[in-house]
Amino acid sequence: MAFSEIFYAGTSPFYFRNQFYEITNNSDEIVYLDGLYFANLYPSTATTNLPTWPTEDGNRYVYAERVWKIPGDGTTYPLAPGESFSIAQFAANHKLPQYNPNSPIDCSTSEFEFNMDNPNFPDQPATDMIHVFYNGSASKGTLPQYLTSVFGGAYVIFRVPEGESYDPVNDPNMRTRDLGTTSTNLYAKIPIRYIIDGVEAGHNESMISAKRVASVVDAGMTYVGATYNSLGVRRKKVGTREDGTPILQDTNNSTEDFERMVVPAFRFYNQGIPSWSSAN
């Protein structure tokens with residue numbers, strides 16, 4: 001699986017509820033999304049002022065600000081080769097007058113939603129992601145929305161290997177604070193060997209010198225050049241399956257793998273729609 005499209009920059013004036021993340025099965029086998037994790041990493045924006053993590057961690061982890069998980073019983077959400085799904089910050093039609101008619105995307109067909117229980121942005125029909133971790137707790141906290149940086153964040157999808165457990169809330173070995181500050185904020189450790197795909201985005205091309213993610217996760221960086229410009233990033237297509245679905249480029253280098261400053265669109269390359277999706 002791989003991130004196929006990410007829209008994080010938002011729409012003028014200062015509207016960011018239309019953020020979304022599209023993920024494609026880029027393999028040749030059916031995968032089940034049940035239990036797949038999504039996380040945004042810390043620091044939330046590219047910076048040369050990197051955190052100080054425990055020395056004993058070595059290079060074995062990335063560190064997440066917030067972690068979510070797809071629900072299911074193990075076989076609830078099959079995804080065939082060439083099919084894709086999306087997770088929306090708020091799975092509504094953002095083009096409606098009460099949101100932002102200038103929005104380039106209608107997220108009402110998203111399969112999943114990061115629901116933060118905000119009565120001003122009511123829960124949508126999309127399936128809610130399970131909230132796993134924020135600042136040492138399974139609680140969602142008091143923030144009114146799940147916002148990742150409009151300057152570009154770092155995102156991973158990962159899966160816990162069979163026979164292992166992952167509980168950064170109750171296992172103190174799987175969380176830490178930034179030892180370079182006096183802040184008590186806690187971040188979830190994610191073993192790099194769990195990661196299926198990772199993408200790092202920055203403000204612009206020059207921010208490649210401010211990477212916060214190890215090259216083994218993403219050797220490059222993608223960007224859209226500005227905030228609130230209604231543009232996103234999209235993974236390049238390198239081939240087509242017999243059924244017409246795309247094969248996307250995935251070299252673990254977002255500088256090379258992504259087209260930048262594109263108008264966001266779900267399933268731009270005509271990826272398949274899973275049988276369980278309401279987008280059918």
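No experiment lies behind these values; they were computed from the predicted model shown. Counting from 1, the numbers follow the sequence of the chain as shown.
Between the side chains of Asn26 and Thr24, not a single donor N or O lies within less than 3.5 Å of an accepting N or O. Asn135 and Ser137 form no side-chain donor-acceptor contact under 3.5 Å, judged by distance and modelled atom types alone. Side-chain contact of Thr176 with Tyr61: a donor-acceptor pair under 3.5 Å is absent, judged by distance alone. One side chain, Ser254 or Asp218, offers a donor N or O that lies under 3.5 Å from an acceptor on the other. With hydrogens and angles left out, the side-chain atoms of Asn253 and Thr251 include no donor and acceptor closer than 3.5 Å.
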Exercise for the section: Kindly indicate, with the supporting measurements, whether the criterion salt bridge (charged side-chain N to carboxylate O under 4.0 Å, His left out) is fulfilled by Glu259 and Lys236. Expected result: CA-CA 6 Å; Glu259 298 176 355; Lys236 297 175 182 176; over 6 Å; no
Exercise for the section: Show your working on side chain to side chain donor-acceptor pair (under 3.5 Å) between Ser108 and Asp106 and close with a plain yes or no. Expected result: CA-CA 6 Å; Ser108 63; Asp106 168 3; 2.7 Å; yes
Exercise for the section: Test Asp28 against Arg241 for side-chain contact (heavy atoms from CB on, under 4.5 Å), laying out the working first. Expected result: CA-CA 9 Å; Asp28 295 324; Arg241 295 180 178 82; 4.2 Å; yes
Practice task
Decide yes or no on side chain to side chain donor-acceptor pair (under 3.5 Å) for Asp73 and Thr76, but give the supporting numbers first.
Solution key: CA-CA 6 Å; Asp73 63 9; Thr76 305; 2.8 Å; yes
Problem - Tyr166 and Phe158: CA distance, side-chain angles, deciding distance, side-chain contact (heavy atoms from CB on, under 4.5 Å) verdict - result: CA-CA 11 Å; Tyr166 180 71; Phe158 67 99; 3.9 Å; yes
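Residues Val132 and Ile157 are members of separate hydrophobic clusters, defined by side-chain heavy-atom contacts under 4.5 angstrom among Ile, Leu, Val, Met, Phe, Trp and Tyr. Following chains of ILVMFWY side-chain contacts shorter than 4.5 Å, one cannot reach Phe133 starting from Leu36, and the two form parts of different hydrophobic clusters. Cluster annotation: Val160 and Val62 are assigned to the same hydrophobic cluster (Ile/Leu/Val/Met/Phe/Trp/Tyr, side-chain heavy-atom contacts under 4.5 Å, transitive). Under a hydrophobic-cluster definition in which Ile, Leu, Val, Met, Phe, Trp and Tyr are linked whenever side-chain heavy atoms come within less than 4.5 Å, directly or via other members, Met129 and Val67 are assigned to different clusters. Criterion: ILVMFWY side-chain heavy atoms under 4.5 Å apart, direct or through other members. Under it, Ile273 and Phe268 are not part of a common hydrophobic cluster.
Residues Val150 and Gln19 share a closest heavy-atom pair of CG1-NE2, 4.1 Å. Smallest separation of non-hydrogen atoms from Pro78 and Ile30: CB-CG2, 4.1 Å. When all heavy atoms are compared, the tightest approach of Ser44 to Glu65 is CB-OE1, 4.3 Å. Scanning all heavy atoms of the two residues, the minimum distance from Ala46 to Met221 falls at CB-CE, 4.0 Å. Heavy atoms only, all atoms of each residue included: Val169 and Ala138 are closest at CG2-N, 3.6 Å. Taking every heavy atom of both residues into account, Pro104 and Asn18 meet most closely at CD-ND2, 3.9 Å.
Taking 4.5 Å as the limit, every side-chain heavy atom of Tyr228 sits out of range of all side-chain heavy atoms of Thr11. Residues Val199 and Phe258 form a side-chain contact, since some pair of their non-hydrogen atoms from C-beta on lies under 4.5 Å apart. Annotation: side chain of Met116 is not in contact with side chain of Gln89 (no heavy-atom distance under 4.5 Å). You'll find the side chain of Pro71 reaches within 4.5 Å of the side chain of Phe112, heavy atoms only. A heavy-atom distance below 4.5 Å is found between the side chains of Pro51 and Tyr42. Using a 4.5 Å heavy-atom threshold, the side chains of His94 and Asn100 count as separate. Side-chain contact check for Leu50 versus Arg212: some heavy-atom pair is nearer than 4.5 Å.
Exactly one residue among Phe16, Phe114, Tyr21 makes a side chain to side chain contact (heavy atoms under 4.5 Å, CB included) with Thr148. That residue is Tyr21.
Enclosure of atom CD in Gln98 by more than 12 non-hydrogen atoms of other residues, nucleotides or ligands within 6.0 angstrom is indicated. With a 6.0 Å radius and a threshold of 12 heavy atoms from other residues, nucleotides or ligands, Asn280 has its CG atom above the threshold. Within a 6.0 Å radius of CG in Asp243, more than 12 heavy atoms belonging to other residues, nucleotides or ligands are found.
Distance check, rounded to the nearest 0.5 Å: CD1 of Ile70 to CD1 of Ile23 gives 6.5 Å. A distance of 12.0 Å separates CD of Gln124 from OG1 of Thr109, quoted to the nearest 0.5 Å. In this structure, the separation between CG on Asp34 and CZ on Arg159 is 7.5 Å, given to the nearest 0.5 Å. Here CE of Met1 is found 8.0 Å from OG of Ser27. Values are rounded to the nearest 0.5 Å. If you take OH on Tyr155 and CD on Glu200, they are separated by 9.5 Å, rounding to the nearest 0.5 Å. To the nearest 0.5 Å, atom CD of residue Glu256 and atom OG1 of residue Thr222 are 10.5 Å apart.
Put simply, the side chain of Asn270 never gets that close to the backbone of Pro246: no donor and acceptor are under 3.5 Å apart. Put simply, the side chain of Gln271 never gets that close to the backbone of Glu83: no donor and acceptor are under 3.5 Å apart. When atom types are taken as modelled, the side chain of Asp250 and the backbone of Ala2 share no donor-acceptor pair closer than 3.5 angstrom. His203 places no side-chain N or O within donor-acceptor distance of the main-chain N or O of Gly152, the cut-off being under 3.5 Å. Using modelled atom types, one side-chain atom of Arg234 and one backbone atom of Val263 make a donor-acceptor pair closer than 3.5 Å. Looking at Glu113, its side chain does come within 3.5 Å of a backbone N or O of Ala91 through a donor-acceptor pair. Not a single donor-acceptor pair under 3.5 Å links the side chain of Ser277 to the backbone N or O of Pro274.
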Show me the side-chain donor-acceptor pairs of residues 179-198 shorter than 3.5 Å, one per line, residues at least two apart or across chains.
unit_1 : atom_1 : unit_2 : atom_2 : d
Thr181 : OG1    : Asp178 : O      : 3.3
Thr181 : OG1    : Ser183 : N      : 3.1
Ser183 : OG     : Asn185 : N      : 3.1
Lys189 : NZ     : Asp57  : OD1    : 2.8
Lys189 : NZ     : Asp57  : OD2    : 3.3
Lys189 : NZ     : Asn173 : O      : 3.4
Arg193 : NH1    : Glu164 : OE2    : 3.0
Arg193 : NH2    : Glu164 : OE1    : 3.0
Arg193 : NH2    : Glu164 : OE2    : 3.4
Tyr194 : OH     : Glu164 : OE1    : 2.7
Asp197 : OD2    : Phe3   : N      : 2.8
Asp197 : OD2    : Arg235 : NH2    : 3.0

Show me the donor-acceptor pairs within less than 3.5 Å that the side chains of residues 140-147 make with the rest of the protein, sequence neighbours left out.
unit_1 : atom_1 : unit_2 : atom_2 : d
Lys140 : NZ     : Asn115 : O      : 2.6
Lys140 : NZ     : Asp117 : OD2    : 3.1
Tyr146 : OH     : Asn40  : OD1    : 2.7

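Because its NZ or CZ atom is not both nearer than 6.0 Å to the ring centre of Tyr99 and within 45° of the ring axis, Arg17 does not count as a cation-pi partner of that residue.
If you chain together ILVMFWY residues whose side-chain heavy atoms come under 4.5 Å of each other, Ile105 ends up grouped with Phe7, Phe20, Phe266.
In this pair, Phe85 and Trp276 present their aromatic rings tilted. The plane angle is within the 30 to 60° band.
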